[in-house]
Amino acid sequence: MMKSNINYLRFGLLHRFCHFLIIISFFGLVLTGMPLAFRGYDWARWLYELLGGYPTAGFIHRICALVTFFAAFIHFIYLFYNVSVQKKKGFFWGPNSLLIQPRDIFDIIGDVKWFLGLGKRPNFDRWIYWEKFEYLSLMWGTLVMAVTGLILWFPVQFTKIIPVSVASIIDLPSIALIIHRYEAILAAGFIFTIHFFHTHLLPEKMPVDESIFTGKITEEEFKHERLNQFNRLEKQQQLENLKVAPSSLFVSFLTRLFAVPVLITGLIVTGLMFSALLVWAL
């Protein structure tokens, strides 16, 4: 059967820009932070020196943290503007919301049944349940890393905030360092495995899912991944508004030129981290 050449817009320019900022800043944070968490290993020391060592790697880490804050700031300004100024509905409930809803529980059950061969593959809407979990994990992880990171960045100032009686018992910077380090390992491991495999390393997506970079998906992808959304928009006569021209081969090449090395780097870092944790556990 001949494939359709129809493309639809899935991600707007603002979302793609924020995702690009997160990619750049996250990799900068991981590559400059992980060597400190695994400083007892040769690969960690080599990577740290490659990135300039002390204090250059620390400067890079803080700049990337500020870029992450900036991306989060843009995201929340976008939400505030649409909800409070534009009075748009559906951000906190309904098919366009990224918050967990009862429908997601049924989708999880249906997905498990399909995986076990006990039922048909469920049809999803705009956001699949694992995408919602990833979004909420990103929000929570960013908050935890921001608070603990700021404590490590300005330990004296934060120590002055808490009561003297508490400060004499709790070593705030040390606690922040432990939380910051293990949350970072958890975040890196999650992004470089679960997120990568759900988005880029599926057989039909390899070597990379280009939609987050180009903003576009084909009609076949739309129907296969989000049939409920496709049918809903078709019923509401909104599909035509989302039709866009397919990406050129040059744009596709540039996307892969950027994304594939990033994917490979993430997988290599994951392998090094897990091997180090395995050695430590044994």
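Below, all heavy atoms of this structure are taken into account, side chains as well, without hydrogens, waters or symmetry copies. Since this is a predicted model, take the numbers as computed values, not measurements.
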Practice problem: Determine which pairs satisfy ring-ring contact (aromatic ring centres under 6.0 Å, His included) with at least one residue from residues 67-96, sequence neighbours left out, and list them in order. | Solution: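 Of all non-adjacent pairs touching residues 67-96, those that pass ring-ring contact (aromatic ring centres under 6.0 Å, His included) are H15-Y78, H75-Y135.
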Quiz item: Do you know which two heavy atoms are closest between L51 and I60, and how far apart they sit?
Solution: O-CD1, 3.6 Å
[X], [atom1]: over 12 other non-hydrogen atoms inside 6.0 angstrom:
{"X": "L249", "atom1": "CG", "answer": "no"}
{"X": "Q237", "atom1": "CD", "answer": "no"}
{"X": "W153", "atom1": "CH2", "answer": "yes"}

May I ask you to decide if the ring planes of [X] and [Y] are parallel, tilted or perpendicular, using 30° and 60° as cut-offs?
{"X": "W130", "Y": "F124", "answer": "perpendicular"}
{"X": "W43", "Y": "F38", "answer": "tilted"}
{"X": "F20", "Y": "F258", "answer": "tilted"}

Quiz item: Is the shortest heavy-atom distance from the side chain of H180 to the side chain of M145 under 4.5 Å?
Solution: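 Yes. Closest side-chain heavy atoms under 4.5 Å.
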Quiz prompt | 4.5 Å side-chain heavy-atom contact, I151 and L177 | solution =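 When only atoms from C-beta onward are counted, L177 and I151 do not touch, as no gap falls below 4.5 Å.
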Practice problem: Just jot down the salt bridge (Lys or Arg N to Asp or Glu O under 4.0 Å) partners of E134, sequence neighbours excluded, or say none. | Solution: none
Self-check item: Sequence-distant partners of K132, salt bridge (Lys or Arg N to Asp or Glu O under 4.0 Å), two or more places apart
Solution: D104
Practice problem: Decide if the gap between the ring center of F192 and the ring center of F26 is smaller than 6.0 angstrom. | Solution: yes
Quiz item: Apart from Y54 itself, what residues make up its hydrophobic cluster, given side-chain heavy atom links below 4.5 Å?
Solution: L36, Y48
Quiz item: Which hydrophobic side chains are connected to V251, either touching it within the sub-4.5 Å cutoff or through other members that do?
Solution: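 ILVMFWY cluster around V251 holds nothing else.
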Quiz item: Is any side-chain N of the basic residue among E225 and R10 closer than 4.0 Å to the acidic one's carboxylate O?
Solution: no
Quiz item: Does a side-chain N-to-carboxylate-O contact under 4.0 Å join R256 and E210?
Solution: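 Between E210 and R256 there is a salt bridge, with a charged N closer than 4.0 Å to a carboxylate O.
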Flag, side chain of [X] to backbone of [Y], donor-acceptor distance under 3.5 Å:
{"X": "R16", "Y": "T214", "result": "yes"}
{"X": "R39", "Y": "R45", "result": "no"}
{"X": "R103", "Y": "P95", "result": "no"}
{"X": "Y41", "Y": "A276", "result": "yes"}

Practice problem: Among residues two or more places apart or on two chains, list those pairs meeting salt bridge (Lys or Arg N to Asp or Glu O under 4.0 Å) that have a residue in residues 84-101. | Solution: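 Qualifying pairs: none.
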Quiz item: Quick one: which of R232, R226, Q229 gives a side chain to side chain donor-acceptor pair (under 3.5 Å) with D125?
Solution: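 Passing option: R232.
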